[in-house]
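Atoms within each ligand, like the ligands themselves, are counted from 1 in listed order. These numbers were taken from a predicted model, which means no experiment stands behind them. Position 1 is the first residue of the sequence; numbering continues from there.
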Amino acid sequence: MSAPHAEDATRRDFLYIATGAAGAVAAVGVGTVLVSQMGPNAAERAAGAPVEIDISAIEEGQVIVAVWRGKPYFIRHLTDEEVAAAQSAEESGFSDFEAADVRLGAPADGKEGKWTIVAANCTHLGCIPTKVDTGFEGWFCPCHGSKFDVTGRVIKGPAPTNLPLPPYNFASDTTLVIGADKAGA
Ligand code: FES
């Protein structure tokens with residue numbers, strides 16, 4: 001396995017979605033793809049209302065950044081290689097081990113979990129890690145060198161814990177809801 005570098009991060013793989021009015025779209029950077037963030041108005045978002053995200057345009061290997069409660073969250077569509085690497089990883093390689101199945105989401109029961117939905121702030125001091133593509137290692141934090149696998153599990157500190165999972169559910173094969181779990185909590 002080759003060591004990841006910050007330069008490995010491929011900015012083109014990040015899709016930035018709107019944090020403004022419902023249904024609005026926006027993008028930054030070169031080569032980004034426009035996708036919509038649907039859901040509540042600004043006041044409702046500030047109060048923590050769930051947000052709906054159209055994930056239909058997120059191809060395997062890509063990550064978008066969505067905003068909920070004013071904080072960024074990664075939504076990563078894993079490749080089959082990345083899922084296999086996460087599933088087969090040894091527990092001893094993690095300082096805050098959780099099973100890959102716990103970390104991965106699927107649009108419906110019975111479907112393979114191929115989605116990572118995690119907070120986009122490093123659990124050390126809050127920097128935003130950059131995406132890397134080694135198959136297993138998924139993010140590198142440029143501030144102090146922490147590394148996370150493709151499910152957001154910390155594999156090298158100083159980050160003390162995994163990237164947190166928000167409450168979320170899939171309203172359909174193409175719509176992710178952040179801010180409410182399957183019970184609607
Ligand atoms: S903020 Fe990420 S390693 Fe320090």
Discussion item. Determine whether Val132 and Lys147 satisfy the following criterion, side chain to side chain contact (heavy atoms under 4.5 Å, CB included), listing intermediate values before the conclusion.
Written reply: CA-CA 10 Å; Val132 293; Lys147 296 179 182 178; over 6 Å; no
Worksheet item: Is there a donor-acceptor pair under 3.5 Å between the side chain of Arg76 and the backbone N or O of Thr151?
Response: no
Worksheet item: Hey, does the Lys NZ or Arg CZ of Arg103 hover above the aromatic six-ring of Trp115, less than 6.0 Å from the centre and inside 45° of the axis?
Response: no
Discussion item. Between Thr79 and Gly61 (side chain of the first, backbone of the second, donor and acceptor by atom type, cut-off under 3.5 Å), is there such a pair?
Written reply: no
Worksheet item: Are Asn169 and Asp181 close enough that a side-chain donor and a side-chain acceptor fall under 3.5 Å?
Response: no
Worksheet, complete the sentence: Near atom 4 (Fe) of ligand 1, meaning under 2.8 Å, the protein N/O/S atoms are His124 ND1, His144 ND1
Practice prompt. For Ser146 and Ala159, indicate whether the former's side chain and the latter's backbone hold a donor-acceptor pair under 3.5 Å.
Written response: yes
